[in-house]
Number of protein chains: 2
Amino acid sequence: MSGPTIYDVARSAGVATSTVSRAFTNPARVGEATRTRVLEVARELGYEPNPHARALTSNRTQTVAMVVSDITNPHFFELIRGAEMRAKAAEYTLVLVNAEESPRIEQEQIRRVARSVDGFLLAASRQPDADLAELAASRPVVLINRQVRGVPSVVVEHSEGCRQMVAHLASLGHTSLVYLAGPRNSWMAGSRWAAIRAAATELGVTAHRSGPYAPTVSSGGAAADAAIGTGASAIIAHNDLLAIGVLRRLAQRSVRVPDDVSVVGFDDIFAADLCTPALTTLGGPHEQVGRAAVEILLDSLTTRQDRRPALHVAPPSQLVIRDSTGTPLGAAPQRQGGAG
Amino acid sequence: MSGPTIYDVARSAGVATSTVSRAFTNPARVGEATRTRVLEVARELGYEPNPHARALTSNRTQTVAMVVSDITNPHFFELIRGAEMRAKAAEYTLVLVNAEESPRIEQEQIRRVARSVDGFLLAASRQPDADLAELAASRPVVLINRQVRGVPSVVVEHSEGCRQMVAHLASLGHTSLVYLAGPRNSWMAGSRWAAIRAAATELGVTAHRSGPYAPTVSSGGAAADAAIGTGASAIIAHNDLLAIGVLRRLAQRSVRVPDDVSVVGFDDIFAADLCTPALTTLGGPHEQVGRAAVEILLDSLTTRQDRRPALHVAPPSQLVIRDSTGTPLGAAPQRQGGAG
DNA sequence: GTGAAAGCGCTAACAT
DNA sequence: ATGTTAGCGCTTTCAC
């Protein structure tokens, strides 16, 4: 059934099991010659350490869990990819958990896998701050695109990004915008709105908020209708998926983008560059975020548990200007055409 | 550090540890009253079975690994999503492994996690048949979009799909097509080409093959150039990513799609519907494929190991006709415009 | 239906 | 530097 054990190797190599164990987990504490011999024998026998036996005594599993709020969202792909690669490089295994936008499922799953993993990567967690703080107190946790006091996190910088976004819109002549908000329990939704509103105030632009909306293409229909209703000439959607849905509905309604209304999204997913018109969006180094999060997590696993500061990393976002933003012709008809 | 054990529960409930164990893993073999009491006590104490201790004796981990050839390809995300959901429903955990298009990495990673999982889902494996057969002989394996004699698999039906694709092209007036092949060690690439060639022969269409190409957007440039070189009026790309890359290059070169040349892809990824022109492609129920694969795997875990037939499931593909295919104006100028 | 006890394969004191 | 020896928390015969 299962392969050779540490005993087989020990016997074959003429050493004690503890020596074999050390040869694998703590090579420095075994004599040069012994070590090579042991490893040699192990290789010959095809010995592979049993991770469960190992975990049982050492409480280390070489596994980390990545929990994403919605595996349906392509945005997470890049995060997952970065995390997987970094984990693999460190000989860690990545367990993938989909919270399906439900705080309840999220928590259930976290409990379920808690014993099998060394730590958690929580991407866009929908749980309340208190729950996250509590979890982080008992297990190593790194938050991604979510910030909670005292918990390490990697968040794509968006405050300045939102400012740039609003500035871009303002410079095109927009004087009124609407933010189509993401889910109520999305920290990002709140944080982005705050940044947008601040920038809008500063730049003399009127900003409204509508929502919350599920961050999906299909909820873009209702979101677009609501946005049009506000009379704003610029729409900032919570993410690219929603923005793409908005674009669709706008096309159906023969509202021209960007002539009649400008649309911008967040994340710069692969599809943002392909849709028509190509979407202006606030992108970020998502893959790198995934890597960084794993790095911090692994760090907190190896480093002594003494009070390291809960670090917060915020790699810069970048406003990618494409074709969905432009001068509103209705509002500023100094160009060629008239209003819609 | 870690929570209460089976001993704590046993003591509190006034039973033996074996009874507690049974209450969890084999409820039928414990008296009604005892069971409820044990479970009650366990809940009160916040007891959670330790999966490693459990795995150590039982050799079952409640975990399956999904290995994908390239996590970069959005196509896999539907597969992953389906698999994750089905696994979760069965209280199994999904481990995600990216083979990075390398048979070597694929094999290494499989070895690495072999002891930690109950079985493998191998999506678009790049390994030789022999290696897969060998692996399948020692561990439960389900292949996805790959077929190897004697190994259970779920493959989106594509033989008939390819035929429809070629028929669609032929009906539009195309008499010559080129298939831009995927990676050399991609089973799908070979299988699709065989089906395309057969259909082409049957329908009196000339078919060329070019490649292999990496199934990525960026290799679409060279692929497009080669395709144009063949003079074919229709291009069948190995997957949507490659097709999108082809579309890009064609646009750069001012080759009109579909007037000058038609383009079709495979997979019907999210972006296929968004690019310009929208891509005609052979889609499939990918999420369902992921689910089905997990189901078969779990089945082979629970069912006795006696010789079940290695089942092969092939859910139907569907030709999604969009705007990238049309009548070649150069070849059949019976419409309005002239050739390019 | 329930209990006693022997491991599963490994790590980690503690010796030497 | 290496060996001895307890367990880690659970499952699983084997008794009763």
Side-chain angles (χ1 to χ4, degrees), chain A residues 1-39 41-42 45-63 91 112-118 301-302, chain B residues 1-39 41-42 45-63 91 112-118 301-302:
Chain A
M1 188 104 213
S2 40
T5 75
I6 209 171
Y7 288 102
D8 302 319
V9 177
R11 193 172 338 108
S12 268
V15 298
T17 60
S18 50
T19 302
V20 178
S21 176
R22 285 185 203 109
F24 277 91
T25 55
N26 215 334
R29 295 212 311 223
V30 175
E32 174 74 39
T34 325
R35 184 192 344 156
T36 38
R37 184 156 42 87
V38 167
L39 294 180
V41 169
L45 263 42
Y47 166 77
E48 292 277 356
N50 180 322
H52 301 294
R54 185 174 269 185
L56 193 52
T57 35
S58 67
N59 269 316
R60 274 171 283 104
T61 64
Q62 295 280 114
T63 299
E91 307 218 271
R112 218 177 65 66
V113 303
R115 309 287 277 260
S116 336
V117 304
D118 291 338
L301 293 178
T302 37
Chain B
M1 189 106 213
S2 37
T5 75
I6 208 171
Y7 289 101
D8 302 320
V9 178
R11 192 173 337 109
S12 269
V15 297
T17 59
S18 47
T19 301
V20 178
S21 176
R22 284 184 203 109
F24 278 91
T25 56
N26 215 333
R29 294 210 314 221
V30 174
E32 174 74 41
T34 325
R35 183 189 347 151
T36 39
R37 183 156 40 89
V38 168
L39 294 180
V41 169
L45 262 43
Y47 165 76
E48 292 276 356
N50 180 321
H52 302 294
R54 183 174 269 184
L56 192 54
T57 36
S58 67
N59 269 315
R60 273 171 285 105
T61 65
Q62 295 281 111
T63 298
E91 306 216 273
R112 218 177 65 67
V113 304
R115 308 289 277 261
S116 335
V117 304
D118 291 338
L301 294 178
T302 37

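Values reported hereafter were calculated over all heavy atoms of this structure, with side chains retained and with hydrogens, waters and symmetry mates removed. The sequence lines fix the lettering, A, B, ..., with proteins before strands; numbering per chain opens at 1. Since we're looking at a predicted model, the values are computed, not measured.
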Query raised in the report: Which pair of non-hydrogen atoms, one from Arg112(A) and one from Glu91(B), has the smallest distance, and what is that distance?
Result: NH1-O, 3.1 Å
Query raised in the report: What's the shortest heavy-atom distance between Tyr47(A) and Thr5(A), and which atoms?
Result: CE1-C, 3.6 Å
Query raised in the report: Taking C-beta and beyond as the side chain, do Thr63(B) and Ser116(A) meet within less than 4.5 Å on heavy atoms?
Result: no
Query raised in the report: First and last nucleotide of DNA chain D in contact with chain B, 5' to 3', at under 4.0 Å to a heavy atom: what are they?
Result: dG9(D) to dT13(D)
Query raised in the report: So, the side chain of Asn26(B) versus the backbone of Arg29(B): is there a donor-acceptor pair under 3.5 Å, distance only?
Result: no
Between the protein and nucleotides 7-9 of chain C, list the N/O to N/O atom pairs that are separated by less than 3.5 angstrom.
from   : atom 1 : to       : atom 2 : distance (Å)
dG9(C) : N2     : Ala53(A) : O      : 3.4

Query raised in the report: For Pro27(A), what residues pass the side chain to side chain contact (heavy atoms under 4.5 Å, CB included) criterion, not counting sequence neighbours?
Result: Arg35(A)
Query - N or O in side chain of Ser21(A) less than 4.0 angstrom from dT11(C) OP1/OP2 - result: yes
Query raised in the report: For Val20(A), which contact category applies under a 4.0 Å heavy-atom criterion: base, sugar-phosphate, or nothing?
Result: nothing
Report task. Indicate yes or no: at least one non-hydrogen side-chain atom of Val38(A) is less than 4.5 angstrom from one of Val15(A). Result -> yes
Query - For Thr57(B), all residues meeting side chain to side chain contact (heavy atoms under 4.5 Å, CB included), sequence neighbours excluded - result: none
Query raised in the report: Leu56(A) and Leu56(B): which non-hydrogen atoms are nearest, and at how many Å?
Result: CD2-CD2, 3.4 Å
Query raised in the report: When you measure from every atom of DNA chain D, which of residues 26-38 of chain B have a heavy atom less than 4.0 Å away?
Result: none
**Report entry** Side chains of Ser21(B) and Ile6(B) in contact at under 4.5 Å (non-hydrogen atoms)
**Finding:** yes
Report summary line: Nearest heavy-atom contact between Leu39(B) and Ala23(B) is CD2-O, 4.1 Å
Query raised in the report: Say you draw a straight line from CZ of Phe24(B) to CD of Glu48(B); how long is it, rounded to the nearest 0.5 Å?
Result: 8.0 Å
Report summary line: Axis-to-axis angle across the helix from dG1(C)-dC16(D) to dT16(C)-dA1(D), five pairs each end, nearest 10 degrees, ~ 30°
Requested in this report: Return yes if some donor-acceptor pair links the side-chain N/O of Thr61(A) with the main-chain N/O of Asp118(A) below 3.5 Å, else return no.
Outcome: yes
Requested in this report: Taking His52(A) for its side chain and Arg115(B) for its backbone only, find out whether a donor-acceptor pair lies under 3.5 Å.
Outcome: yes
